Structures are given as structure tokens and as C-alpha cells.
Participant: 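Sharing a structure with you now.
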Amino acid sequence: MPELPEVEVVRHGLHPAVSGATIDAVEVLDERSLKRHDGPAEDFIERLTGARLRGAVRRGKFLWVPIEPFASGRDSATDAPAEALVAHLGMSGQVLLRDPSAEAAALTRIRFSLTHPVHGALRVDFVDQRIFGSMAVDALLPTRDGAAAGYGLPLASIPSQVAHIARDPLDPAFDERAFLRRLQGKRTTVKRALLDQTLVSGIGNIYADEALWAARVHYDQPTETLSARKARELLEEVRIVLRRALDEGGTSFDAQYVNVNGASGYFSHSLRAYGQQGKPCPRCERPIVREQFMNRGSHFCPRCQRIR
DNA sequence: CTTTCGCCCTGAGTGC
DNA sequence: TGCACTCAGGGCGAAA
């Protein structure tokens with residue numbers, strides 16, 4: 001459920017807390033939350049304990065924290081990080097920045113004890129009810145295009161397990177022409193394409209439905225029948241929807257408590273289609289319909305959004 | 001190679 | 001009150 005705007009809220013809150021901080025201790029309470037990590041929990045803990053962190057970066061729905069290279073005897077200031085702590089929130093993941101004395105939240109899977117040069121002792125809890133999310137320590141590889149890998153730090157290196165994820169449509173290095181060309185060449189339907197993170201990242205079920213509604217496109221429209229003009233319009237509506245959610249997320253952000261959680265964090269007051277089944281379409285008043293599609297709900301206006 | 005499908009997972013909510 | 005059942009769906013590996 002956390003999509004680009006929600007993950008960015010987490011990144012934004014995590015960034016100042018981890019920049020320059022050192023990990024003193026790692027506690028893995030549930031090893032299932034390490035399914036992305038290549039190795040046992042002991043390896044995860046060993047790689048992170050004593051590590052100094054540089055900041056928080058995001059591409060699409062993936063978040064990572066580059067680890068400063070250990071002093072090599074050479075000029076370490078010019079050394080680029082070789083590894084990062086990677087996080088994906090999955091369906092229900094949260095990253096909670098807590099006071100060290102606070103009690104652990106329910107469903108906490110991984111806990112980090114940090115020392116920050118300015119803020120002092122901090123605790124970061126990874127909470128995840130459904131365990132679709134996970135963390136990992138992963139190698140950083142150079143980006144293919146040489147541009148910054150994501151939003152947050154000007155580092156042109158990306159975790160190996162994120163390398164196949166496309167840039168998101170708000171990324172300055174997002175290649176719009178390549179996206180439109182690949183979209184046109186696909187033999188699938190338009191919502192599937194929007195949810196394909198190797199084509200464009202950051203969009204999940206909620207913002208896909210919202211952007212499709214705004215662009216008046218039916219979710220099951222075959223991509224090859226989508227005009228170039230309509231495809232550009234749809235991409236622009238994706239950007240508008242994501243930016244609006246980012247703005248709203250930014251206003252409710254509390255620096256002491258980084259939280260992404262279900263409906264409350266989902267800017268529900270501004271949703272036009274998602275979860276609005278039975279309610280009148282804000283454009284034409286015809287009731288919004290919900291259909292099963294790809295094992296998830298698709299919400300749309302049967303009058304405004306037709307397959308053509 | 002491209003596209004689709006099934007699985008992972010569990011607390012909250014609902015109905016009887 | 002308590003139990004059984006349903007629901008939410010992102011990403012990935014395997015199948016088609």
C-alpha cells in the first residue's frame with residue numbers, strides 16, 4: 001500500500017536521523033523480515049553493527065541507506081559507499097523513529113539503535129504486520145545512465161536488487177520518451193503497465209486508479225490502442241496525483257515520528273476513485289464501480305472511463 | 001523474450 | 001463473547 005508519496009514521507013523523515021549516524025546494535029525479532037537479505041540474520045547484524053550511515057535515498061517504492069565505507073587507509077572521503085541497507089515496506093511496513101526509551105510498537109520485526117552526532121541516541125523500528133516488506137544489506141552498483149540513483153542523495157549507485165526498477169516519473173532522469181515507446185510496444189492493458197515497476201516505478205493500486213480516473217482511461221484498455229496523446233496525458237495525471245499526495249503528506253509530517261500506516265496515511269480525503277465505489281463520480285455523478293482485477297480492486301467511473 | 005499467475009503473510013473487520 | 005471467514009495487494013519466481 002505504501003506507494004511513492006508514502007515512501008517519500010518515510011525517506012524524508014529518516015534522512016536527517018540517519019545522516020552521519022552510527023548503528024550501535026541491531027535486533028532481528030522476526031527473520032521473515034529479512035527475506036530480501038542474502039544470508040542469515042547474523043550476517044545482516046554483523047554487516048550493520050558499527051556502520052556509519054550517509055542518508056536515505058528512494059527510487060519508486062524502494063528505500064535505501066548507503067553505508068559509509070570503513071576507513072581504508074586511502075582518502076576515505078572520496079570513497080563511495082559499496083553497500084546499503086535496503087528497505088521495502090511491502091503492504092504494511094512502517095519505519096518508526098522512536099525515542100530509545102519508548103516501548104517497542106506491536107509487530108516490530110527489526111530494531112536499530114543509533115547514535116547521531118547531533119541528536120544523540122535514536123531508535124529505528126521496522127514494523128510490518130503482513131511481512132510483505134523486508135530489509136536487506138545489498139551491494140551498490142553504478143547506475144546505467146550515470147545519473148543519481150534516486151531521490152535523496154547525489155549518488156550514482158543503486159542496490160543490486162533495485163537495479164531493475166525503473167525510475168519514477170518525478171525523477172529528473174526519468175526518460176519520458178523511452179517510457180512512452182516501451183508502453184506503446186507492450187501487449188498488455190494500461191493498468192498492468194502502470195503497476196509494472198520495471199516500466200515506471202512508484203505507482204501502486206491507489207494512485208493507478210486515481211490517475212486513470214483523472215485521465216479518463218479504463219483500466220483494462222489495451223496499451224497498443226492507447227493514443228500517444230492519451231498516454232502522455234495519463235503520465236501527466238500520474239505526476240499530478242503523486243505530487244498532490246506528496247504535498248499533503250508533507251504537511252502532516254511529524255519529524256519525530258515517521259509513520260506510514262494504512263488509510264490514515266493515504267490522503268483519503270482527496271481520493272476520487274479508489275475506495276469510492278457506490279459514491280458519485282466527482283465529474284459526472286454516476287456511481288463509481290469496483291471490479292476485481294489482477295487480484296486487487298479496480299475503481300473507476302463507468303461513464304467517464306470507457307474502453308475505446 | 002514477454003506476459004501472466006500464484007504465492008507469500010496476518011491483524012482487522014464482519015457476520016452469525 | 002467467540003469463532004470462522006474474508007479482505008487488503010507489491011514483488012517475485014515459475015509457468016505459459
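Only a predicted model underlies this, so the values are computations on that prediction, with no experimental measurement involved. Just so it is clear, the values below take in all heavy atoms, side chains as well, and ignore hydrogens, waters and symmetry mates.
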Participant: Taking side chain to side chain contact (heavy atoms under 4.5 Å, CB included) as the test, write out the residues that go with A:Leu107, two or more places apart.
Facilitator: A:Arg109, A:Val127, A:Gln129

Participant: Where do N or O atoms of nucleotides 11-15 of chain C meet protein N or O atoms at under 3.5 Å, pair by pair?
Facilitator:
{"residue": "C:dG11", "atom": "OP1", "partner": "A:His88", "partner atom": "NE2", "Å": "2.5"}
{"residue": "C:dG11", "atom": "OP2", "partner": "A:Lys61", "partner atom": "NZ", "Å": "3.4"}
{"residue": "C:dC12", "atom": "OP1", "partner": "A:Arg36", "partner atom": "NH2", "Å": "2.3"}
{"residue": "C:dC12", "atom": "OP2", "partner": "A:His164", "partner atom": "NE2", "Å": "3.1"}

Participant: With a 4.5 Å cut-off on side-chain heavy atoms, are A:Val217 and A:Phe300 touching?
Facilitator: no

Participant: Go through the steps for A:His299 and A:Gln276 under the test side-chain contact (heavy atoms from CB on, under 4.5 Å), then give the verdict.
Facilitator: CA-CA 7 Å; A:His299 313 74; A:Gln276 305 303 302; over 6 Å; no

Participant: Of all nucleotides in DNA chain B with an atom under 4.0 Å from a non-hydrogen atom of chain A, which is the first and which the last going 5' to 3'?
Facilitator: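 The footprint of chain A covers B:dT3 to B:dG11.
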
Participant: Could you tell me which residues satisfy side chain to side chain donor-acceptor pair (under 3.5 Å) with A:Asp38, sequence neighbours excluded, listed by chain and number?
Facilitator: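 Testing A:Asp38 for side chain to side chain donor-acceptor pair (under 3.5 Å), a comparison that skips the adjacent residues, returns none.
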
Participant: Measure the distance from CG on A:Asp196 to P on C:dG9 and round it to the nearest whole Å.
Facilitator: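 Rounded to the whole Å, the gap is 18 Å.
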
Participant: Just to verify, what does A:Tyr151 make a ring pair (Phe, Tyr, Trp, His ring centres under 6.0 Å) with, not counting sequence neighbours?
Facilitator: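 Expected list: none.
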
Participant: Would A:Glu210 and A:Arg244 pass as an ion pair if we require N to O under 4.0 Å?
Facilitator: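 Looking at A:Arg244 together with A:Glu210, the answer is no, because their closest N to O distance does not fall below 4.0 Å.
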
Participant: Got more than 12 heavy atoms from elsewhere within 6.0 Å of CZ, A:Arg187?
Facilitator: yes

Participant: Just the rounded figure in Å: distance from C1' of C:dA8 to CZ of A:Phe293.
Facilitator: 17 Å

Participant: Would you say A:Gln161 and A:Trp64 make side-chain contact, with heavy atoms under 4.5 Å?
Facilitator: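 Not touching, per the 4.5 Å side-chain cut-off.
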
Participant: Calculate, to the nearest 0.5 Å, the distance between atoms CD and CG belonging to A:Glu3 and A:Asn205 respectively.
Facilitator: 7.0 Å

Participant: Under 4.0 Å, counting only non-hydrogen atoms across every strand here, what does A:Gly297 touch: a base, just sugar-phosphate, or nothing?
Facilitator: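 Sugar-phosphate contact only.
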
Participant: Could you state the CG-P distance from A:Asn205 to C:dA8, rounded to the nearest angstrom?
Facilitator: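 Nearest whole value for this atom pair: 9 Å.
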
Participant: Under 4.0 Å between a side-chain N or O of A:Tyr274 and OP1 or OP2 of C:dG9?
Facilitator: yes

Participant: In terms of heavy-atom contacts, does CD of A:Glu103 have more than 12 from other residues, nucleotides or ligands at under 6.0 Å?
Facilitator: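 Not buried by this count: 12 neighbours or fewer within 6.0 Å.
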
Participant: In degrees rounded to 10°, what angle is found between the helical axes fit to the five outermost pairs at each end of the helix from B:dT2-C:dA16 to B:dC16-C:dG2?
Facilitator: 40°

